[in-house]
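Shown next, in structure tokens, is the structure this report addresses.
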Amino acid sequence: MAVFRLIKPAPLTEEVQSRQGNVYLYRAMWLIGWIPPKEGVLRYVYLFWTCVPFAFGVFYLPVGFIISYVQEFKNFTPGEFLTSLQVCINVYGASVKSTITYLFLWRLRKTELLLDALDKRLANDSDRERIHNMVARCNYAFLIYSFIYCGYAGSTFLSYALSGRPPWSVYNPFIDWRDGMGSLWIQAIFEYITMSFAVLQDQLSDTYPLMFTIMFRAHMEVLKDHVRNLRTDPERSEADNYQDLVNCVLDHKTILKCCDMIRPMISRTIFVQFALIGSVLGLTLVNVFFFSNFWKGVASLLFVITILLQTFPFCYTCNMLIDDAQNLSNEIFQSNWVDAEPRYKATLVHFMHHVQQPIIFIAGGIFPISMNSNISVAKFAFSIITIVRQMNLAEQFQ
């Protein structure tokens, strides 16, 4: 299908830019109201649409959950309460993350301008093939996220609505779902649409760090190839070889500028997720182990997968980006520099010194974003399960 053509690498005869790795990401942003037209009457109509998902996903849902707990707490079963609570906590985090992402969208655009400059440095088919593969990988990853996030929302909606309960039990001042089957389905569909706004906003906040770090890694691989080929062409003069080295230094600086441009966004959004992942995972697993039937358990497991996808792939990519810096340093040292002129050697030493500084993202200025940090904050989930088991809380709430 033409709509899915971007998940496969384009032929090398076709010109591809790094920014095309965000095609599906920006389509979703346009759908949710984040990319308005630059001018005209449609811009104002679109800005009204922008307010609708924010009104429901960012403001109504957090407030609706709290009001529901105050008014309907005695009517919750343990499983329903945990299903609602695990999503409520995540909704508060998603509201903060999506607001931060929306306010800092200009940083993504400026980062893409820097990536455009790196695209101009692609020297051969091997370089272009790396970028083509990266573009396909980014779009494919976004589709996987979309299927899983939408699968969670859809499975929760169906499993609860078919069992005669609203999926998330969010407060609705206009409808009492107990008035009959029609009221139940109106409430369930309203919750599903509202939650879909929040889910898509959360997905956008969770996927942009992964997309851009995949792009950075692809250009680091291209830079390694360029370093590996330094002074290997006997027909090039020493002046040409020196210019090649300077271009590699400039490319590395551009990659660092890309990281610096997007770092404030990542620092804030990942910090919010790190702060919540342990408690959300813990509540969800308690729900799965003690209070869910088969279909509700499937919905909860999909929710676990979405929570893990919010940080683990990105943290893994951050680890790989740190390794890329070390590997680039090794490539510089192993390049053909032994009989080079003094100016070339001095620049090479300076280049290698700067490359040895790893590219690290810090969540909230506190946690280095890596697999170790992610696992450390996720371990809190097992502490919650241990407390529930040791205190027999599940049996007391049955």
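Both backbone and side-chain heavy atoms feed into the values below; hydrogens, waters and symmetry mates do not. Sequential numbering from 1 along the given sequence is applied to the chain's residues. None of these values were measured; they are calculated from a predicted model.
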Can you name the nearest heavy-atom pair linking [X] to [Y], along with the distance?
X      : Y      : result
Cys138 : Gly21  : CB-O, 3.3 Å
Leu276 : Ile89  : CD1-O, 3.7 Å
Thr254 : Leu114 : CG2-O, 3.6 Å
Ala325 : Pro358 : CB-CA, 4.2 Å
Leu108 : Phe212 : CD2-CE1, 3.6 Å
Arg121 : Asp127 : O-OD2, 4.4 Å

Path from [X] to [Y] over hydrophobic side-chain contacts below 4.5 Å:
X      : Y      : value
Leu113 : Met265 : no
Ile175 : Phe65  : no
Val96  : Tyr92  : yes
Val355 : Ile322 : no
Ile66  : Val87  : yes

Would you say [X]'s side chain and [Y]'s backbone share a donor-acceptor pair under 3.5 angstrom?
X      : Y      : result
Asp125 : Thr13  : no
Thr156 : Ala153 : no
Ser205 : Gln201 : yes
Gln187 : Val170 : yes
Thr317 : Ile214 : no
Arg107 : Ile262 : no
Trp337 : Phe333 : yes
Tyr46  : Ile35  : yes
Thr232 : Asn229 : yes
Asp324 : Met220 : no

Any side-chain heavy atom of [X] sitting closer than 4.5 Å to one from [Y]?
X      : Y      : answer
Trp30  : Pro36  : no
Val52  : Trp49  : yes
Ile270 : Phe367 : no
Gln356 : Met352 : yes
Ser98  : Val58  : yes
Arg236 : Asp233 : yes
Leu256 : Ile359 : yes
Arg19  : Leu115 : no

Between [atom1] on residue [X] and [atom2] on residue [Y], distance to nearest 0.5 Å:
X      : Y      : atom1 : atom2 : result
Trp168 : Glu191 : CH2   : CD    : 7.0 Å
Lys257 : Asp260 : NZ    : CG    : 9.5 Å
Ile362 : Cys318 : CD1   : SG    : 9.5 Å
Ile369 : Phe361 : CD1   : CZ    : 7.5 Å
Thr306 : Phe303 : OG1   : CZ    : 5.0 Å
His219 : Met134 : NE2   : CE    : 5.0 Å

Could you check whether atom [atom1] of [X] has more than 12 heavy atoms from other residues, nucleotides or ligands sitting under 6.0 Å from it?
X      : atom1 : value
Lys345 : NZ    : yes
Trp185 : CH2   : yes
Glu15  : CD    : no
Tyr140 : OH    : no

Step by step, work out the side chain to side chain contact (heavy atoms under 4.5 Å, CB included) result for Tyr160 and Ser169.
CA-CA 10 Å; Tyr160 276 85; Ser169 301; over 6 Å; no
With no hydrogens and no angle check, do the side chains of [X] and [Y] hold a donor and an acceptor under 3.5 Å apart?
X      : Y      : result
Asn247 : Gln243 : yes
Gln20  : Tyr26  : no
Ser237 : Asp240 : yes
Ser18  : Glu112 : no
Asp202 : Gln310 : yes
Asn374 : Tyr316 : no

Side chain to side chain donor-acceptor pair (under 3.5 Å) partners of Tyr208, counting only residues at least two apart
Thr269
So which residues get pulled into Ile67's cluster when ILVMFWY side chains under 4.5 Å apart are joined, directly or through others?
Val63, Tyr171
Take Arg228 and Asp225, measure what side chain to side chain contact (heavy atoms under 4.5 Å, CB included) needs, and give me the verdict at the end.
CA-CA 5 Å; Arg228 204 175 292 122; Asp225 286 342; 2.4 Å; yes
Yes or no on side chain to side chain contact (heavy atoms under 4.5 Å, CB included) for Ser370 and Ile360, after CA distance, side-chain angles and deciding distance?
CA-CA 9 Å; Ser370 65; Ile360 298 177; over 6 Å; no
Salt bridge (charged side-chain N to carboxylate O under 4.0 Å, His left out) between Arg231 and Asp339, intermediate numbers included
CA-CA 10 Å; Arg231 300 188 77 250; Asp339 57 345; 2.9 Å; yes
Side chain to side chain contact (heavy atoms under 4.5 Å, CB included) between Asn330 and Asn327, intermediate numbers included
CA-CA 5 Å; Asn330 294 336; Asn327 293 335; 4.3 Å; yes
Both conditions, 6.0 Å and 45 degrees, for the charged tip of Arg268 above the ring of Phe274: are they met here?
no
is_close_aromatic(Phe142, Tyr24), centroid dist under 6.0 Å
no
Centre-to-centre under 6.0 Å for Phe54 and Phe197, is that the case here?
no
The residue among Ile131, Asp116, Leu118, Val135 that forms side chain to side chain contact (heavy atoms under 4.5 Å, CB included) with Gln17 is Asp116
